[in-house]
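Structure record follows, encoded as structure tokens.
For clarity, every value in this text was computed on a predicted model and none was experimentally measured.
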Amino acid sequence: RSLSSSSWPASRTAMKVVQLVASLAAVGGLRLEFARPPPCRARVVAVGDEVTPITTPLPVPSEIAARFASWQGAAFAASERQPQMVTVQVTSMRDNEPSRRITKFAGEAFEDLGSTTQGIRAAKSGRLLVDGEPANMNRHVKPGDVVELLPRAEDSVAVVDIDRQIKFTEGLCQCGALTVEYEDEQLAVVNKPAGIHTTPYGRHSGLSLEHALPGVLSPPATATDALVRPTAVHRLDARVAGLLVVAKTRQSAAFLAAAFRERRVQKRYRALLLGRLDAVELLRLQSHNPIEGVDVVAEVDEEGGDPNQGEVRITSSMAGKRAVTLLSVRECTPHVQAGWLTSVDVKPLTGRRHQLRKHCADLGFPICGDDLYAAAGGIADGGFIGKKSTGLFLQSVEVRLPHPTEAGRWLSFETPEAAKFNRVCERGRMGWEFDQQEQGGEASRAAEVERQAAAARVQEALRASQ
């Protein structure tokens with residue numbers, strides 16, 4: 001049976017308190033001495049006629065738990081500073097706008113926030129006032145308004161379900177899904193796995209990447225403006241994996257938010273498209289039968305190289321805003337079910353929701369595994385879009401950004417594409433070769449006939465809906 005030391009109460013809460021204190025002491029390089037023996041579990045084993053207690057100390061907190069504890073300590077220390085209320089009067093709007101959403105305005109106006117995401121959190125917690133009245137997220141401010149930012153409530157830094165977050169982080173790290181590519185006092189770049197949201201999504205959502213970040217990153221040792229927890233500066237869709245930039249201080253959060261807003265951060269994604277994309281052919285088709293609402297310009301290599309190595313600039317309107325993407329073809333692979341698979345690099349010059357997925361579908365080449373925009377890309381219901389188990393073939397593989405505190409220094413990071421990209425292409429190539437050699441291409445021809453018929457049905461349905 002399980003017993004506790006006679007000098008301590010048999011309480012799991014007491015054990016967790018000691019674990020937390022020990023973690024904070026270890027992180028701070030301090031020596032922890034107990035006035036009484038630390039809590040322990042004892043297992044009583046009978047040996048002959050004697051009863052021998054075998055005492056086992058509590059397990060040493062893991063490195064992930066210690067990091068969570070250190071971020072908790074930094075958060076509680078920040079809450080004790082009791083910042084004063086900050087007031088800003090709106091004098092003008094950026095880009096001559098008549099009004100501006102308060103979350104965006106507050107993220108730029110208040111150094112304590114530094115980003116639109118932090119502005120949204122401040123509005124949700126009731127910290128934003130306009131002319132003395134609480135403002136919701138949809139409130140717009142205009143010149144003459146007085147915006148106030150209230151200090152953080154002490155309970156706003158409390159961590160809920162810390163044990164659940166630790167287990168979640170340990171699971172991600174043990175399977176190698178979450179890795180840290182770079183970290184310093186101001187920022188970090190992590191490799192996000194597919195299948196989880198970047199930030200908490202929805203009112204009753206599960207754990208997100210931001211819940212795991214305190215377990216893999218260390219709080220700033222010298223910065224006085226450390227965030228309560230590391231915060232993602234931009235977002236990747238839940239189904240998208242790859243490099244993600246994280247801010248650790250308020251200064252870096254504000255600087256990086258401005259860098260993303262001013263398009264100074266360069267990002268590159270790897271995608272696998274359904275169909276054979278040819279830059280020259282796409283330009284020819286666009287000149288004779290342009291895609292409605294989409295402007296396509298193919299930039300061919302000036303030195304006479306392979307035209308498909310040039311970039312295709314795709315421009316359209318999404319939610320009333322301009323969306324621009326650069327696309328370059330890497331390789332085309334024959335595939336029995338899909339006909340062809342095309343590996344491309346895509347670079348978003350703007351940051352609209354599902355921009356890359358929509359632009360690829362608009363061209364008629366949806367991303368492999370994208371069931372949401374497959375129909376928009378000309379694939380009928382039930383057509384081949386890839387196995388569900390392999391997920392979406394879109395990954396953030398490169399990011400380049402300026403450093404927040406070191407003027408003139410640029411950081412560049414690159415990660416290889418996931419193994420599933422090459423695996424699917426290789427299997428597709430082997431299947432196509434087998435069909436050509438053993439069956440005379442019968443399966444490929446049948447699949448092509450079905451694809452053309454399905455595409456015709458999709459176009460007919462679109463015309464009927466219009």
message: Looking at every heavy atom in both A212 and L172, which two are closest together, and how far apart are they?
response: CB-CD1, 4.1 Å
- prompt: Can you name the nearest heavy-atom pair linking P214 to R67, along with the distance?
  reply: O-CB, 3.2 Å
[X] side chain to [Y] main-chain N or O, any donor-acceptor pair under 3.5 Å?
X	Y	result
E183	V189	no
K248	T231	no
E210	A232	yes
K124	N136	no
H335	T333	no
H234	V245	yes

field: Ring-ring centroid check H354 Y373, cutoff 6.0 Å
entry: yes
query: Taking atom NZ of K420 as the centre, does the number of heavy atoms from other residues, nucleotides or ligands within less than 6.0 Å exceed 12?
result: yes
query: Is R357 positioned over the aromatic face of Y269, cation under 6.0 angstrom from the ring centre and no more than 45 degrees off axis?
result: no
task: Answer with yes or no whether the side chains of T325 and Q355 bring together a donor and an acceptor at under 3.5 Å.
output: yes
